[in-house]
There are 2 protein chains.
Amino acid sequence: MRRATIADVAREAGVSPSTASVVFSGKTPVSEATRGRVLAAAASLGYTGPDPRAASLRRGRSGIVGVVFEEYLGAAFLDPVKTLMMDGLADGVAPLGAGLLLLRDDIAGSGASLTTAPLDAAVLIGCSGHLRASLDVVRARGIPVVVVEGDAGDDVPRIGLDNREAQRQAASHVCTLGHRRVAVVALPLSGGWERGWMPDDARITVDVTRERLAGAREVFPDARVWAAAGSFIAEGLEAGRALFADEAERPTAVLAQSDLLAAGVIRAAEEAGLRVPEDVSVTGFDGIAVDGLAPYELTTLHQPAAEKGRAAGRAVTAMIEGGQAASIQFTCTFREGNTTGPRPGEPGAAR
Amino acid sequence: MRRATIADVAREAGVSPSTASVVFSGKTPVSEATRGRVLAAAASLGYTGPDPRAASLRRGRSGIVGVVFEEYLGAAFLDPVKTLMMDGLADGVAPLGAGLLLLRDDIAGSGASLTTAPLDAAVLIGCSGHLRASLDVVRARGIPVVVVEGDAGDDVPRIGLDNREAQRQAASHVCTLGHRRVAVVALPLSGGWERGWMPDDARITVDVTRERLAGAREVFPDARVWAAAGSFIAEGLEAGRALFADEAERPTAVLAQSDLLAAGVIRAAEEAGLRVPEDVSVTGFDGIAVDGLAPYELTTLHQPAAEKGRAAGRAVTAMIEGGQAASIQFTCTFREGNTTGPRPGEPGAAR
DNA sequence: TTGTACGCGTTATCAG
DNA sequence: CTGATAACGCGTACAA
């Protein structure tokens, strides 16, 4: 037995299909009487509304926005910043009445792919090389696309962040406090997951990492850099242990490229018997609330993550509706917490 | 200028539309020669493959599985268990080549809704009352549905967990260690976000909370219960402070209903100058790796979260393909860490 | 306010 | 291996 279609409903109600259609879409006024008859007929046939597949073919829209991650889906949501961004994105596409379809950017994968999903638009997240291929696929399909935190060509709107300037600001703050021996704990340098001291000739393929590092280097050109394998507290802990292992080389301030890393570094400091910020200052990046870090309040750069998502959503909305979307650069705001202080031994330093 | 359709390609290649279609779908052998001609024609016209909307109308499938959360989307991914489940789910639907569409269960919301998204199936996550309404919508549409960690009717396959038995096991372990004054830190009792001591007459609408509590009560019928407002370390910290505030009433063991809560409780214990497990034992639930909790290793119940997701995926896959899917009950495995020990003062207790 | 007519772009089916 | 045919279920000019 077939499912009822709108034609069945119309017949049952004694009206034409178009009238029935209009009752459901509300695009045209319908008399209360016919409206009632149609609804009743629908109910009696168990018709629950237009088939989305047919509707989307007819209108040329699916109501679906693809969100493309460069990593395993689960990993994407381990990062609070991405989580917040998703929230914002959900908001941003709400006017479209669109839903978010999770996609990975491994083209080969057997799952739903960029090539076959009924997308109205796509949002690419991240910065790796892979992204390039995804971008080509989407553009070939003629689907509007926006890139967040990544480098696409000129004609693709990007939602960005002043990573470099922001990190420079933090570095400068630390410099003002008198610190000279400073280390950087960086996010991953590339798609791989290597961890360790960064060699001088390292190639950094991840935009965010590169930009933030450049910002730090503007103030501390010679800072040693430890590259983490991901943005996790545990990674920060590992980094911190390496940083604090050698008494002689021990930095008096650490610039971490994410709040989670910073939290780990602080934990490592405690472990090593160092007080924060009396013995060592630590800065983060992102301005998220790190669960369970209290009573510390990180000195950090607050980035408008949800706002970024919202902007991405608005951008694709605009493009879907035939408009142009411009690239947007967001700026971080510096927030001084209680994890940075004067260099030990500096005038004004505690003890 | 219109986008090219498969008909255009066929004409350009001098074959029939059906042949062109077959070249792209691969459902039928095609001679190498025509195949080449079609592909060439497609390339020259900038045709990138069948329109998913039309294809899905014709085939009656969209390749999209909806995942319905009962909370704000961002919040869903704050929970590592759900994150893991999503991973498993992604795996589980891979054979379908389906993508996951994120959906919230507030029917009224302006976003893409259960009622209009082109879904092949839906997976409902959670346990609140809201879910009921979502369930009705989906079933009215005749869409296969599976419920994870929630109570649907009998004829809806559920992916469940032996919450009660598992928690009983942990309680029993703690009891064996000699503890008698035990407190429970519970997950939220209902959709609201109240936090505090649970009154005797509290109504618990969240299945997971109720079941785990029942398990604890089998061993410790009189345990005091603090209800957290969510599964976060910070909530556990808050709970712990309340638990340890009153010296006289202070429990010697705490059964937390999630690992994150347990981590917070441990932090609170440290704060109060209590050693874990010498002064107070703590158990968790979930068996996730809590970022940055080292060197503690929680005594906890490990639940196969990813496996649950995979099962849900397989279930909807089966249903989409016309089969039946049975409910599945997963079991937790008890894992003894270093956060539980003999009751202070017990023979064999440290110091 | 309602009905008529048509096409959106594909793909199953079945005959050659 | 290829081609003709017929839906899939709906939205929307346009006319009445």
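Note on naming: letters A, B, ... go to the chains in the order of the sequence lines (proteins, then strands), and numbering restarts at 1 for each one.
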To the closest 0.5 Å, what do you measure between CD1 (I64(A)) and CG (L102(B))?
11.5 Å
Taking G150(B)'s backbone N and O only, do any of them form a donor-acceptor pair with R158(B)'s side chain (distance below 3.5 Å, no angle check)?
yes
Which residues within residues 23-42 of chain B lie with some heavy atom under 4.0 Å of an atom in DNA chain D?
T28(B), P29(B), V30(B), S31(B), T34(B)
Can you tell me how far CZ of R314(B) sits from CG of D91(B), rounded to the nearest 0.5 angstrom?
9.5 Å
Students should find that the nucleotides of DNA chain C closing off the region near chain B, any atom under 4.0 angstrom from a heavy atom, are dG9(C) to dA12(C)
Describe, as an angle rounded to 10 degrees, how the axis at the first end of the helix from dT1(C)-dA16(D) to dG16(C)-dC1(D) is tilted relative to the axis at the last end, five pairs per end.
20°
Between CZ of R37(B) and OG1 of T19(B), what distance do you get to the nearest 0.5 Å?
9.5 Å
Within the side chain of D120(A), is there an N or O that forms a donor-acceptor pair under 3.5 Å with the backbone of R61(A)?
no
So the ring-ring contact (aromatic ring centres under 6.0 Å, His included) pairs with at least one residue in residues 27-50 of chain A (sequence neighbours excluded) are F24(A)-Y47(A)
For I6(A), which contact category applies under a 4.0 Å heavy-atom criterion: base, sugar-phosphate, or nothing?
sugar-phosphate
With nearest nucleotide decided by heavy atoms, which residue, T5(A) or V22(B), maps closer to the 5′ end of DNA chain D?
V22(B)
Looking only at heavy atoms, which two atoms of L114(B) and S134(B) are closest? And how far apart?
CD1-CB, 3.6 Å
L161(A) CG to Q329(A) CD distance, which is reported to the nearest 0.5 Å
7.0 Å
Inspect the contact between K308(A) and E149(A) and indicate whether a charged nitrogen and a carboxylate oxygen are less than 4.0 angstrom apart.
yes
Taking any atom under 4.0 angstrom from a heavy atom of chain B, which nucleotides of DNA chain D are the first and last to qualify, 5' to 3'?
dC1(D) to dG9(D)
Go through the structure and list residues passing side chain to side chain contact (heavy atoms under 4.5 Å, CB included) with S18(A), not counting sequence neighbours.
S16(A)
Minimum heavy-atom separation for A121(B) to I320(B), with atom names?
CB-CD1, 3.7 Å
I'd like to know if the side chain of S62(A) and the backbone of P118(A) have a donor-acceptor N/O pair within less than 3.5 Å.
yes
How do R58(A) and R58(B) order along DNA chain D: which one's closest nucleotide is nearer the 5' end?
R58(B)
Check the side chains of S231(B) and D79(B) for a donor-acceptor pair under 3.5 angstrom, ignoring hydrogens and angles.
no
Looking for any heavy atom pair under 4.0 Å, which part of the strands does V15(B) touch: base, sugar-phosphate only, or nothing?
sugar-phosphate
